[in-house]
There are 2 protein chains.
Amino acid sequence: MTLPHFSTKDRILYAAEELFAQQGFASTSLRQVTSRADVNIAAVNYHFGSKENLVNEVFRRRMDDMSRERLAALQRAVEAHPGQLEPILAAFVEPALAMAQDRHGGGAFIRVIARAYAESNDSLRKFLSDQYGHVPREFAKALVGCVPGLGKEDLYWRLDFLSGALTYAMADFGLIKRPAGVSEANHRQRAAKALIRFAAAGFQADAS
Amino acid sequence: MTLPHFSTKDRILYAAEELFAQQGFASTSLRQVTSRADVNIAAVNYHFGSKENLVNEVFRRRMDDMSRERLAALQRAVEAHPGQLEPILAAFVEPALAMAQDRHGGGAFIRVIARAYAESNDSLRKFLSDQYGHVPREFAKALVGCVPGLGKEDLYWRLDFLSGALTYAMADFGLIKRPAGVSEANHRQRAAKALIRFAAAGFQADAS
DNA sequence: GTCTATAGACGGATAGAC
DNA sequence: GTCTATCCGTCTATAGAC
């Protein structure tokens, strides 16, 4: 996939994203990236300075969009359906779904996120927490009003369960394999819908 | 951590497990492993043959136990509480909890599992699927009878959600940080309990 | 901005002495 | 079983021509 109408820098980003998704950060070499992007090996250091910085840029590009969309969707959900649980959960899940269906490698990015949680050494982890930690906190605030009687500790646990389930399912780690007759978009759509329903019931369970 | 009363082979396994948990497989070098285990660099290839085989052995040592315990707990749950959902979920969750609380590094292993989902290249993935894929399938069979009206597709989705949430929570990837006054064992115990309750409600939700 | 060439470090694996 | 020494490949990063 050479994408000749994109700049060298963008071609590197796309190629890196796909390879990181397939192999992880550590086992992806800059040589693989530049070979797939069809650019010279030296271009990475010219445009990004270092491999670590390339990793951060791959993240920033997608994560900024997804976080912005999640927060916007949250605001719309709270205004349009005050006190309702499922719209808030949808505001959390659906931007991830949309990302996974994006044409230009967004599907790969969901797997990149999944890897980041597992693979992150402290530097990447700190980067993620500093830059995007406010997003789940905003959702927690909104959810407090929807599930009366749910303590803060249980609320936070359940948000973590939702994140884990979302990451795992969108990254196709589980048992479920897409059936031959179902398109990838359709498959993910059904996953998102199933997850929202599952989580809505879970959030409404009596506190433990 | 030198553990002088363990054999060279075991010291390598313990050291590898901890480093894999912290850094992942690809970014952990055999030199780091042997240095931490305080054994000679050549010992890895003498005892394990290759790095890939060392990775497999790290898994086998813990996974055999955990799978056996899950299946045994499943059988006990089905016999003692036929048709009940929560005991089956507990049989899935609690062996992971026990592993996470194990004295000799089992806690690290939970994070190794989380990494494996994300990082496994095809060889590790195939190894895990071949060796341990029957476990979630047994749970799926048992769950069919507990949630009448739930289609197979939704059942499998929900099992995947449970696995994701479990892995994520036990590996401490989420928002929740253990409060200062709570012991690690107690913290995980509460997580497991919260997860079982969350998932039980989720499994009983109407199909989507 | 893009290339070639290479420096310099580190990786897994092995040979062979003890 | 354990060691030293080493082979050989790959990696990131950079210098310098164009």
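Note on naming: letters A, B, ... go to the chains in the order of the sequence lines (proteins, then strands), and numbering restarts at 1 for each one.
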I need a per-nucleotide contact map over nucleotides 4-18 of chain C, read 5' to 3'. Cutoff is protein heavy atoms under 4.0 Å; write B for the base, S for backbone only, - otherwise. B------BBBB----
Would you call A/R197-B/D154 a salt bridge at under 4.0 Å N-O? no
Measure NZ/A/K9 against P/C/dT2 and give the value in whole Å, please. 12 Å
Return all side-chain donor-acceptor pairs below 3.5 angstrom for residues 129-143 of chain B, not counting sequence neighbours, or 'none' if the list is empty.
{"unit_1": "B/D130", "atom_1": "OD2", "unit_2": "B/K126", "atom_2": "NZ", "d": "2.6"}
{"unit_1": "B/Y132", "atom_1": "OH", "unit_2": "B/D64", "atom_2": "OD1", "d": "2.6"}
{"unit_1": "B/E138", "atom_1": "OE2", "unit_2": "B/K141", "atom_2": "NZ", "d": "3.2"}

Interatomic distance where NE2 belongs to A/H47 and C1' belongs to C/dC3 [whole Å]: 12 Å
Phosphate OP1/OP2 of C/dT2: any A/T8 side-chain N/O under 4.0 Å: yes
Could you tell me whether B/R36 sits above the aromatic face of B/Y14, with NZ or CZ closer than 6.0 angstrom to the six-membered ring centre and within 45 degrees of the axis? no
How many whole angstroms separate atom CD1 of B/I12 from atom P of D/dC3? 10 Å
Over 12 foreign heavy atoms within 6.0 Å of NZ, B/K152: no
Closer than 3.5 angstrom, by distance alone: can the side chain of A/R11 be matched with the main-chain N or O of A/A15 as a donor-acceptor pair? no
Can you tell whether the side chains of A/D65 and A/R62 come within less than 4.0 Å, N to carboxylate O? no
